[in-house]
Every structure is written in C-alpha cells, then in structure tokens.
Protein chains: 2
Amino acid sequence: MDRVSVFNQYLRTQGLKSTRQRMIILETFLDSKSHYSTEELYQLLRKDHPRIGYATVHRTLKLFAECGIAIELNFGDGQTRFEPHYTEHHHDHLVCTRCGKIIEFVEPRIEHLQREVAERYDFTVDSHRHELYGRCVRCSQDS
Amino acid sequence: MDRVSVFNQYLRTQGLKSTRQRMIILETFLDSKSHYSTEELYQLLRKDHPRIGYATVHRTLKLFAECGIAIELNFGDGQTRFEPHYTEHHHDHLVCTRCGKIIEFVEPRIEHLQREVAERYDFTVDSHRHELYGRCVRCSQDS
DNA sequence: CTCAGTTTGAAATTGAGTTTCAAAACTATG
DNA sequence: CATAGTTTTGAAACTCAATTTCAAACTGAG
C-alpha cells in the first residue's frame with residue numbers, strides 16, 4: 001500500500017478529514033528528497049501555495065509521523081526534521097557537522113546486531129536512531 | 001587522568017576560573033548515575049545548594065560537554081540530557097518509550113561496522129548516536 | 001443543500017535553551 | 001593582605017522551535 005493510501009486510511013479511521021492543504025503538503029513532502037524541518041518545508045510550500053500556514057504544515061507533519069509514513073529525525077541542531085519512511089530499505093545517517101550534508105547508509109549487519117542486543121535485554125524494539133557525526137570527504141580536505 | 005583533573009585543566013587552559021559552584025556541580029554530576037537533564041540536575045542540586053542558579057547549572061554542563069567529560073544525549077523528549085563520559089567503555093542506549101527506563105549496552109561489533117561504513121563514504125567520524133526505542137521487559141508484559 | 005464537527009491560519013503561548021547585566025567572587029600582582 | 005582586572009553568578013529577560021488558541025472557513029454525511 002502506498003503512502004498516500006496509508007495516510008488517507010489513517011485520516012478516515014481517526015475521523016479526520018481529507019483537505020486540500022493536507023494533500024498538497026503530503027505531495028510536496030513525498031516529492032522531497034531532502035530532510036526537511038517544518039520551517040524548510042513551509043518555505044518550500046510557500047512558493048506555490050502562499051496561503052498554507054506554518055501551523056498547518058507542522059500539524060500535518062505530526063500526522064505523517066503518527067501514521068508511520070514519516071520519521072522524525074533530530075540531528076542536534078535544534079530542529080526536528082522529517083523524512084518519508086521507507087519500509088523497504090531502512091537506512092541511517094552520516095551527518096557532516098561542518099557543511100550539514102547528510103549521507104544515508106544501509107548496513108544490514110548493524111540491524112542484525114541491534115536485534116541481538118535487544119534480545120539480550122528482553123527489550124522489544126519499535127524503532128531506532130543511528131547517526132554518525134563528523135566530516136564528509138570535502139570538509140575533511142579543507143581546513 | 002580523572003574527570004575532575006580534566007575539567008580543572010580545561011578551565012586553566014581556557015583562562016576560566018575554578019569556582020565553588022562549578023566544583024559542586026561537577027561533584028554532583030559525577031555522582032549521578034542517571035541521565036539528567038539540566039532541569040533535573042538543577043532540582044537535585046537545589047536540595048543541598050539552593051543558591052545555585054539554573055543558568056549556572058546549564059553553563060557548567062555545557063563546559064563539561066566541551067571538555068569531553070560529559071556527553072549530550074537527546075532521546076526525543078525535547079530535553080537534552082547529560083551523562084558522564086567514560087572513555088574506557090563506550091556504550092549506547094535502549095530507551096523504554098513507556099516508563100522512560102534507560103538501559104546501557106556495549107556492542108563492539110557495531111562500533112566496528114560503523115567504522116567500516118564511514119570508510120565506505122570517506123567520512124571522518126567524530127562521534128555517534130545510537131539508540132533503540134521500544135518496551136523494556138516490564139512494560140512489554142503489562143498492557 | 002444543510003449542519004455538526006473538523007480544519008485552517010494568524011496570533012498567542014509554551015518551554016528549553018541562551019543571553020544580559022550588575023553584583024559577587026576569583027586570581028595574579030603589588 | 002589589599003587591590004585591580006577579569007570572570008562568574010543568578011535573576012530576569014530573551015530567543016526560537018514547537019504547540020495551542022480561536023474565530024472563520026471548510027468538509028462530508030445525511
């Protein structure tokens with residue numbers, strides 16, 4: 001089931017309404033490859049849809065996270081970022097602390113070890129966060 | 001070199017002063033086993049040292065992080081937490097999203113794979129964050 | 001179409017984190 | 001030990017992302 005359907009079904013089951021704004025925000029969000037903060041997505045939307053308010057963008061992103069089609073990320077810069085959730089291939093992040101570049105990586109062996117650790121403590125894992133901070137190639141060359 | 005010495009040396013090299021408040025906060029912080037937020041440590045300190053202000057606790061915790069004797073943690077509850085940094089055995093966290101319990105774990109094989117991933121992207125890693133969220137034994141039994 | 005319930009967006013509020021500033025404390029020097 | 005020159009402290013103010021408020025606009029079941 002695609003993410004648009006997941007979202008619409010979530011709205012229905014929660015007794016919420018499908019609105020023009022929500023659909024526009026969903027579309028823009030899914031098209032975005034970047035890791036947008038609420039503010040950034042709001043600025044992007046403003047270009048084509050200047051009447052959509054910040055509060056609506058914020059509330060809609062929370063809905064995306066609630067129904068599982070988005071993941072909330074926190075890279076320690078004081079802004080929550082969102083990315084479309086890909087159940088197919090889960091990935092984690094390399095974050096350059098100098099230029100802000102974000103590289104996604106996939107490492108199934110780490111995922112496997114995580115499950116092993118959780119089992120060790122009889123812990124039921126729902127989600128995880130795994131980020132490596134440092135310098136990307138470009139930034140480790142200069143300075 | 002112990003963490004008290006590291007801190008004092010850091011103060012000296014930065015031209016900062018060793019004060020009664022900083023020493024009290026350091027002592028209390030190092031004694032704490034928990035993962036305190038600024039607010040929580042401030043409340044704890046207030047019991048024995050009601051005249052130490054919130055701003056001082058905050059500034060001192062930042063100093064701890066700067067000189068490497070503390071690590072800033074962010075579990076997504078909107079509060080930054082600090083824990084004494086153990087260079088000896090690095091560890092990551094299992095966070096129970098129901099009762100808030102935090103379990104520390106060590107898994108050198110994950111650390112090793114991280115280095116491998118970083119190399120893959122010519123990325124120089126300074127630090128990382130790795131947290132598994134879910135239910136601890138106790139909380140997965142009830143409800 | 002109608003109407004109750006929901007959503008919207010501008011503005012206000014919240015709260016963690018940070019900064020300000022005058023008074024207090026610290027350290028090196030006389 | 002006294003003094004001068006910095007730094008620190010703590011209360012209060014400020015910042016800024018996140019969240020809430022509320023009247024007007026919208027949605028969708030009937």
Side-chain angles (χ1 to χ4, degrees), chain A residues 7-29 35-67 70-82 100, chain B residues 7-29 35-67 70-82 100:
Chain A
F7 185 56
N8 279 313
Q9 186 171 318
Y10 180 73
L11 291 179
R12 237 173 299 119
T13 63
Q14 301 293 307
L16 304 175
K17 293 175 176 174
S18 174
T19 65
R20 200 174 48 80
Q21 289 89 333
R22 282 176 178 163
M23 291 308 123
I24 290 169
I25 295 170
L26 176 58
E27 204 176 301
T28 307
F29 175 68
H35 302 79
Y36 286 117
S37 63
T38 306
E39 179 63 31
E40 285 166 350
L41 189 62
Y42 170 62
Q43 291 302 339
L44 180 63
L45 280 158
R46 251 160 61 105
K47 290 180 192 161
D48 290 334
H49 307 279
R51 325 201 52 178
I52 294 184
Y54 179 93
T56 303
V57 176
H58 171 262
R59 282 181 290 226
T60 306
L61 283 171
K62 298 292 283 188
L63 285 177
F64 293 168
E66 277 170 35
C67 73
I71 304 270
E72 290 188 41
L73 303 170
N74 195 307
F75 296 136
D77 66 346
Q79 286 193 223
T80 302
R81 291 165 187 288
F82 294 82
Chain B
F7 185 56
N8 279 312
Q9 186 171 319
Y10 180 73
L11 291 179
R12 236 174 300 119
T13 63
Q14 300 295 306
L16 303 176
K17 293 177 176 174
S18 174
T19 65
R20 201 171 49 78
Q21 288 90 332
R22 283 175 178 163
M23 291 307 122
I24 290 170
I25 295 169
L26 177 57
E27 205 176 299
T28 307
F29 174 67
H35 303 76
Y36 285 117
S37 64
T38 307
E39 179 62 30
E40 286 166 349
L41 189 62
Y42 170 63
Q43 291 302 337
L44 181 63
L45 280 159
R46 251 161 59 104
K47 291 179 192 162
D48 290 334
H49 307 280
R51 325 202 52 178
I52 294 184
Y54 179 92
T56 303
V57 176
H58 171 263
R59 283 182 290 226
T60 306
L61 284 171
K62 297 292 282 188
L63 285 177
F64 293 168
E66 277 170 36
C67 73
I71 304 273
E72 290 188 42
L73 303 170
N74 196 307
F75 295 137
D77 65 347
Q79 286 195 221
T80 302
R81 292 166 187 286
F82 294 83

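Proteins get letters first, then strands, A, B, ... in listed order; numbering begins at 1 in each.
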Proximity of B/Phe29 and B/Phe82 rings by center, below 6.0 Å: no

Length of the line joining A/Ile52:CD1 and C/dA10:P, which is rounded to integer Å: 11 Å

Side-chain N,O (A/Tyr54) to OP1/OP2 (D/dA18) below 4.0 Å: yes

Distance in angstrom units between A/Glu72 CD and D/dT19 P, rounded: 8 Å

N/O donor-acceptor pair, side chain A/Arg59 with base C/dG9, under 3.5 angstrom: yes

A/Thr38 vs D/dA17: side-chain N/O to OP1/OP2 distance below 4.0 Å: no

OP1 or OP2 of C/dA25 under 4.0 Å from side-chain N/O of B/Thr19: no

Atom pair OH/CG of B/Tyr54 and B/Leu41 - distance to nearest 0.5 Å: 10.5 Å

Greater than 12 external heavy atoms within 6.0 Å of B/Glu27's CD: no

Separation of atom OH in B/Tyr42 from atom P in C/dT18, rounded to whole Å: 17 Å

Separation of atom CZ in A/Arg22 from atom C1' in D/dA25, rounded to whole Å: 14 Å

First of B/Gly78 and B/Ser18 reached from the 5' end of DNA chain C, by closest nucleotide: B/Gly78

d(CG, B/Asn74; C1', C/dA16) in whole Å: 11 Å

Interatomic distance, A/Gln79 CD vs C/dG17 C1' [rounded to whole Å]: 14 Å

Nucleotide nearest A/Lys17 when distance is taken to its side chain, options C/dA25, C/dA10, C/dG5: C/dG5

Phosphate-side-chain proximity, B/Gln21 and D/dT8, N/O vs OP1/OP2 below 4.0 Å: no

Euclidean distance, atom CG of residue A/Leu11 to atom C1' of C/dG5 [Å, nearest integer]: 15 Å

Short side-chain N/O contact from A/His58 to OP1 or OP2 of D/dT19, under 4.0 Å: yes

Reference residue B/Thr38; test side-chain contact (heavy atoms from CB on, under 4.5 Å); the match among B/Thr80, B/Thr60, B/Val57: B/Val57

Under 3.5 Å donor-acceptor pair, B/Lys62 side-chain atoms to C/dT18 base atoms: no

Whole angstrom value for the distance that separates P of C/dT8 from CG of A/Leu61: 12 Å

Minimum-distance nucleotide to B/Arg20 side chain [options: D/dT8, C/dC26, C/dT7]: C/dC26

Sugar-phosphate, base or nothing in reach of A/Ser37, heavy atoms under 4.0 Å: nothing

Steps toward side chain to side chain contact (heavy atoms under 4.5 Å, CB included) verdict (A/Leu61, A/Phe64): CA-CA 5 Å; A/Leu61 283 171; A/Phe64 293 168; 3.9 Å; yes

